[in-house]
Amino acid sequence: MNMRINNEDIVRLFNEMAAMLEIKGDSAFKIRAYQRAASTIEQLSWSLAAAAAAGDDLRKIPGVGKAISEKVQEYVSTGRVAAYERLAEELPPNVLSLLEVPGMGPKTVKAATAELGITSVAELEQAALDGRLAQLPRMGKRSAENILRHIRAQRMRSDRTPLGIATETCDAVTAALFEACANLVSITPAGSLRRWEETIGDLDLIAVSERPEETGPALAALPSVREVLVAGDAKTSVVVDPGIQIDLRIGEPDAMGAMLQYFTGSQQHNIRLRDYANRRGLSLNEYGITAVDGGATERFANEEMFYARLGLPWIAPELRRGAEELDAARNGTLPELLVESDLRGDLHLHSDWSDGKFPLEEMVEAVAALGYEYMAITDHSQGLGVANGLTPERLERQVGILKSLQERYGMTILCGSEVDIRADGAMDFPDDVLAMLDWVIASVHNAMGQERGVMTARIARAMENPYVTAIGHASARLLGRRDPVDFDIEALLQQARDTGTAMEINAAPERLDLKDTHAARARELGIPLVINTDSHHVDGLANRRFGVAVARRAWCGPQHVLNAYPRAEFLAWLRTPKPERTARFAAMAGGPTAGF
DNA sequence: GCCGTTTTCGGCCCGACTGTTTTCAGTCG
């Protein structure tokens with residue numbers, strides 16, 4: 001049994017099988033079945049390989065039936081899947097890389113490989129240049145030129161954009177459009193940005209304007225636009241400067257419900273929702289809802305009305321992933337999700353004593369301005385020399401200053417530290433130094449290439465330290481820049497529960513760490529989550545919205561998040577001896593009976 | 001390949017845009 005196969009491997013397997021079946025020209029429904037299974041598996045909070053190894057029935061997963069479950073079993077027990085290998089053998093090498101070129105769909109890839117013998121993107125580029133590509137059926141000079149352009153554009157940009165950068169681009173484009181269009185009423189982001197996915201493919205915007213015909217051309221004319229891909233009446237697509245594609249749709253105020261719903265997706269959510277509607281004799285599109293047997297299209301001003309027409313409560317965009325959320329909506333079991341205003345503290349903050357940009361007082365002042373009840377200053381420990389980490393002597397002085405500041409604020413100011421977890425799992429401060437602190441975050445900042453077992457044992461050891469309150473940004477990933485460290489997340493979360501250690505959701509948009517599926521698993525295990533901004537600057541405090549989004553995507557409500565509790569309850573948890581904190585948290589999260 | 005308060009067989013989401021056609025196939029989301 002190979003339990004080291006993770007869900008991502010299985011997702012990739014089925015997505016590649018779907019792509020290969022497309023090129024073969026197999027049934028569109030079979031292809032969709034593989035895609036749906038991949039999408040559902042991607043969202044699981046638990047390891048499919050481990051469940052398969054344990055003999056669980058995988059067919060309980062929606063979209064997974066006999067054939068797919070057998071392929072997972074085969075993959076986990078042998079490390080290979082015969083059906084996948086057969087497909088790969090039937091097709092020319094590298095066909096999947098050809099499919100990734102925009103404009104190259106399954107039909108064109110098939111023709112290019114079969115008739116021109118193309119086996120790589122470089123050969124495709126050559127064929128586009130020398131005119132052979134244009135000779136293919138239903139191709140022509142323009143199509144070949146577009147393919148060539150896409151190959152060159154693709155080389156210049158990475159495939160997906162981290163959420164933080166996409167948000168900045170969205171804000172900039174929106175402001176520029178308002179500047180350029182006097183008649184613009186609103187711009188609403190949809191798509192993966194509205195669902196707060198950690199990375200964004202394209203930016204989907206919906207515009208409402210008094211002069212809708214002017215909006216698309218105005219977008220195409222913005223100075224930051226590098227290229228115009230599509231310019232139609234209903235839709236304009238451009239690429240703007242950081243290399244992000246923007247799809248702009250024109251909406252009408254009295255029909256925004258369907259428009260927003262349609263373009264928020266996800267694709268799997270929409271497929272399932274339309275299937276659900278079809279069974280009730282209704283057909284959905286971006287303009288409204290129509291009875292299958294004819295009649296006028298009903299229009300809806302907002303999404304609440306749109307979902308209500310289907311007999312469903314509104315479903316938060318973060319949950320629209322095409323898996324459990326539709327059943328929950330039908331059964332009335334959608335969760336009450338965390339909102340930004342539920343947060344009552346921030347417990348991971350840096351000042352200019354280490355690598356922050358602002359003095360202690362200014363950080364405290366900025367946090368107090370949010371109306372928080374508590375906070376912790378957590379500058380780096382001594383080992384992180386590049387970040388001007390504090391020696392025990394400096395830390396002791398800082399503690400003294402924070403205690404004097406405390407007298408000026410109604411807010412509780414905890415003395416903390418973000419302490420390095422050394423390569424062997426030892427803490428970067430001795431216990432007698434940690435003992436003077438109220439709040440200790442333990443984080444990995446170096447030796448990130450450690451083998452899985454070593455890294456897991458390293459973090460697990462840190463959790464055993466009686467002074468370590470929480471693990472910070474556990475995977476240490478930087479979206480688009482640094483891969484997560486390799487660890488056994490299930491083992492670590494079990495250890496967190498056993499030791500009474502909280503797990504951070506680091507809200508810095510380049511981190512989002514824990515990620516959504518891991519946070520969901522922590523919630524299931526009853527581990528307290530803490531949403532921190534890890535701010536090095538007063539402006540960083542606004543990043544809490546990204547952390548809240550991760551928690552929402554993990555189906556978390558305020559009861560699952562430590563820093564959403566009132567000060568008295570939070571401090572009572574903190575005063576509880578560490579081994580008893582898991583039980584303490586369970587009592588807090590248990591409901592109104594858990595008082596003081 | 002999956003699925004069922006219509007179904008264990010016969011269904012399976014929907015539309016915009018482009019470029020190639022001379023009415024629509026292919027691609028995309």
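Quick note on labels: first sequence line is chain A, next is B, and so on, each numbered from 1. What you see is a predicted model; the values in this text were computed from it and never measured.
Sorted by first and then second residue, the salt bridge (charged side-chain N to carboxylate O under 4.0 Å, His left out) pairs with a member in residues 98-112 of chain A form an empty list; sequence neighbours excluded. Among residue pairs with one or both ends in residues 166-216 of chain A, those qualifying as ring-ring contact (aromatic ring centres under 6.0 Å, His included) are A:Trp196-A:Phe546; sequence neighbours excluded. Listed by first and then second residue, the side chain to side chain donor-acceptor pair (under 3.5 Å) pairs involving residues 231-244 of chain A are A:Ser237-A:Asp247 (not counting sequence neighbours).
Against DNA chain B, the stretch residues 125-141 of chain A makes heavy-atom approaches under 4.0 Å through A:Arg138, A:Met139, A:Gly140, A:Lys141. Taking every heavy atom of residues 296-318 of chain A and every atom of DNA chain B, no pair lies under 4.0 Å.
Rounded to whole Å, the separation between the C1' atoms of B:dC12 and B:dT6 comes to 15 Å.
Using a 4.0 Å cut-off between a side-chain N of Lys or Arg and a carboxylate O of Asp or Glu, A:Lys66 and A:Glu70 qualify as a salt bridge.
Distance from the side chain of A:Arg142 is smallest for B:dG19 among the nucleotides B:dC2, B:dC14, B:dG19. Taking only side-chain atoms of A:Asn146, from C-beta outward, the nucleotide of B:dG19, B:dC12, B:dG15 with the closest atom is B:dG19. Picking from B:dG1, B:dG19, B:dT27 the nucleotide with the shortest atom distance to the side chain of A:Ser143 gives B:dG19. Checked against B:dC12, B:dG29, B:dC17, the side chain of A:Asp275 finds its nearest nucleotide in B:dC12. Between B:dT20, B:dG1, B:dC17, one nucleotide has an atom nearer to the side chain of A:Tyr34 than all others, and that is B:dG1.
Applying the salt bridge (Lys or Arg N to Asp or Glu O under 4.0 Å) rule to A:Glu74 yields no partners; only residues at least two apart in sequence or on another chain are considered. A:Glu298 meets the salt bridge (Lys or Arg N to Asp or Glu O under 4.0 Å) test with A:Arg309; sequence neighbours excluded. By the salt bridge (Lys or Arg N to Asp or Glu O under 4.0 Å) test, A:Arg279 is found to be paired with A:Asp275, residues two or more places apart in sequence or in another chain being considered. Residues passing the ring pair (Phe, Tyr, Trp, His ring centres under 6.0 Å) test with A:His560, sequence neighbours excluded: none. By the ring pair (Phe, Tyr, Trp, His ring centres under 6.0 Å) test, A:Phe300 is found to be paired with A:Phe306, residues two or more places apart in sequence or in another chain being considered.
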Contact state string [nucleotides 3-9 of chain B, B base, S sugar-phosphate only, - no protein heavy atom under 4.0 Å]
S--BB--
Hey, can you pull the donor-acceptor pairs under 3.5 Å for the side chains in residues 137-145 of chain A, sequence neighbours left out?
unit_1: A:Lys141; atom_1: NZ; unit_2: A:Glu145; atom_2: OE2; d: 3.4

